[in-house]
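No experiment lies behind these values; they were computed from the predicted model shown.
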Amino acid sequence: MSWDWDYAWDIVPDLWDGMKVALEATVYGYLIALALGLVLALARRNKHRWISLPIALLSELIRATPLLVQLFFMFYLLPEIGIRWEPLTVGAVTLGIHYATYTSEVYRSGIDNVPVGQWEAATALNLPRRRVWTSVILPQAVPRVIPALGNYLIAMFKDTPQLIAITVVEVFSTARELNSETFRTLEPFTMAGLFYLVVALVMSGVLRLVERRFGRVRST
């Protein structure tokens, strides 16, 4: 099969529409993962076992099952309990919950790496516990784990083709539809791959800038 440049350029708008869906799922899913992951990390450090143990078990359960299974579970379970979301919303929420279990471990490692002296100094100043976390511990812990958190952003973006399982039409499923309509394989999947490559490279560049920025803040 020979490469058809005219056809390749013609399908760019369709693939870009699919890419916007993939990016939307990634952005919302990542925000959920960052926020929920921090909540899970703090809950797992709770001294009360009736809080930390169920959270730990739930996190292990989610991490031990494939994302595809969780997508199906959420897609078919939510309507059964009266929650009716658009497939894209279900996909973003599921991605966020799935990756929250990983980001929680990253947060935990960052918190554990804060020097003990910082805890002792904050305690000696009689700061309220909430102030200790928001003003002392988290501002030091989070910059330490930004590279690892950034890796999960790119990993989540590369997992968006799995949303095709719950009828979300993103860039990969768009390429597949184009393939089924025209029986041309080379251009749709090659262009879709280039879309993923370019966006992932842009994400990597932005993440490096963020890492440098927070690296300078930490060193000052």
Arg84 side, atom CZ; Thr89 side, atom OG1 - distance, nearest 0.5 Å:
14.5 Å

If we only count heavy atoms from C-beta on, is the Ile32 to Tyr99 side-chain gap below 4.5 Å?
no

Are Leu40 and Trp50 connected, step by step, through hydrophobic side chains (Ile, Leu, Val, Met, Phe, Trp, Tyr) whose heavy atoms are closer than 4.5 Å?
no

Given the rule that I, L, V, M, F, W and Y join up when any side-chain heavy atoms are under 4.5 Å apart, are Phe195 and Val169 in one cluster?
no

Basic-acidic side-chain contact under 4.0 Å: Arg45, Asp112
yes

Please find the pair of heavy atoms, one from Ser52 and one from Arg44, that lie closest to each other, and give the distance.
CB-O, 3.6 Å

Separation of Leu58 CG from Ile97 CD1 (nearest 0.5 Å):
9.0 Å

Examine distances only and state if a side-chain atom of Glu105 and a backbone atom of Thr101 form a donor-acceptor pair shorter than 3.5 Å.
no

Taking the side chain from Ser59 and the backbone from Ile55, do they hold a donor-acceptor pair closer than 3.5 Å?
yes

Side-chain heavy atoms of Thr174 within contact of Asp17, under 4.5 Å
no

Is Val27 linked to Leu153 within one hydrophobic cluster, defined over Ile, Leu, Val, Met, Phe, Trp and Tyr using a side-chain heavy-atom separation of less than 4.5 Å?
no

Partners passing side-chain contact (heavy atoms from CB on, under 4.5 Å) against Glu24 (at least two apart in sequence or in another chain)
Tyr28, Leu88

Quick check on the hydrophobic clustering: are Val39 and Tyr102 connected, directly or via other members, by side-chain heavy-atom contacts under 4.5 Å?
no

Cationic N near anionic O, under 4.0 Å, Glu211 to Arg208
no

List the atom of Ala43, the atom of Ile51, and the distance in Å for their closest heavy-atom pair.
O-CG2, 4.0 Å

How about CZ on Arg131, more than 12 heavy atoms from neighbouring residues, nucleotides or ligands closer than 6.0 Å, or not?
no

Heavy-atom count around Glu86 CD within 6.0 Å, excluding the residue itself: above 12?
no

How about Tyr107 and Leu149: do any of their side-chain heavy atoms sit closer than 4.5 Å?
yes

Any side-chain heavy-atom pair from Leu71 and Tyr76 closer than 4.5 angstrom?
no

Charged N to carboxylate O under 4.0 angstrom, Lys20 versus Glu170?
no

Any donor-acceptor pair under 3.5 Å linking the side chain of Thr65 with the backbone of Leu61?
yes

On a heavy-atom basis, the closest approach of Val168 and Ser173 is O-OG, 3.4 Å

So, does Gln70 use its side chain to make a donor-acceptor pair with the main chain of His98 at under 3.5 Å?
no

Separation between CG of Leu194 and CG of Leu15, rounded to the nearest 0.5 Å:
10.0 Å

Over all heavy atoms of both residues, which pair between Pro139 and Thr134 is shortest? Give the atoms and the distance, please.
CG-O, 3.2 Å

For Trp133, all residues meeting ring pair (Phe, Tyr, Trp, His ring centres under 6.0 Å), sequence neighbours excluded:
Trp119

Considering all heavy atoms, the nearest Glu187-Ser2 contact
OE2-O, 3.5 Å

Any heavy-atom pair between the side chains of Asp4 and Leu186 that's under 4.5 Å?
no

Looking at Arg176, I'd like to know if its CZ atom is crowded, meaning that more than 12 non-hydrogen atoms belonging to other residues, nucleotides or ligands lie closer than 6.0 Å.
no

Evaluate the side chain to side chain contact (heavy atoms under 4.5 Å, CB included) criterion for residues Val171 and Met191: first the C-alpha distance (whole Å), next the side-chain angles of each, then the deciding distance (0.1 Å), finally the verdict.
CA-CA 10 Å; Val171 63; Met191 295 299 287; over 6 Å; no

Count I, L, V, M, F, W, Y as connected when their side-chain heavy atoms are under 4.5 Å apart, and connections chain through other members. Are Leu38 and Leu31 then in the same cluster?
no

Compare all side-chain heavy atoms of Met19 with those of Val199 and state whether any distance is below 4.5 angstrom.
yes

Below 4.5 Å, heavy atoms only, C-beta onward: do Leu178 and Phe189 meet side chain to side chain?
no

Side chain to side chain contact (heavy atoms under 4.5 Å, CB included) between Glu177 and Asp14: does it pass, once the steps are laid out?
CA-CA 10 Å; Glu177 287 181 0; Asp14 292 331; over 6 Å; no

According to the interplanar angle, ranging from 0 to 90°, do the rings of Trp3 and Trp5 count as parallel (below 30°), tilted (30 to 60°) or perpendicular (above 60°)?
perpendicular

Leu78 vs Val93, side chain to side chain contact (heavy atoms under 4.5 Å, CB included): CA-CA, chis, key distance, verdict:
CA-CA 12 Å; Leu78 291 179; Val93 170; over 6 Å; no

Ala25 versus Ala92, closest heavy-atom pair with distance:
O-CB, 3.9 Å

Side chain to side chain contact (heavy atoms under 4.5 Å, CB included) evaluation trace for Gln162 with Asp159:
CA-CA 6 Å; Gln162 296 193 50; Asp159 271 344; 3.3 Å; yes

Rounded to the nearest 0.5 Å, what's the gap from CD1 on Ile146 to CG on Leu207? Could you check?
9.5 Å

For the OG1 atom of Thr94 and the CD1 atom of Ile166, what is their distance to the nearest 0.5 Å?
6.0 Å

With side chain to side chain donor-acceptor pair (under 3.5 Å) as the test, would you mind laying out the steps for Thr185 and Asn179 before giving the verdict?
CA-CA 5 Å; Thr185 303; Asn179 169 249; 3.0 Å; yes

Restricting to side chain to side chain donor-acceptor pair (under 3.5 Å), what partner residues turn up for Tyr7, sequence neighbours left out?
Thr182

Answer with yes or no after comparing the ring centroid distance for Tyr196 and Phe172 against a 6.0 Å cut-off, counting only values under it.
no

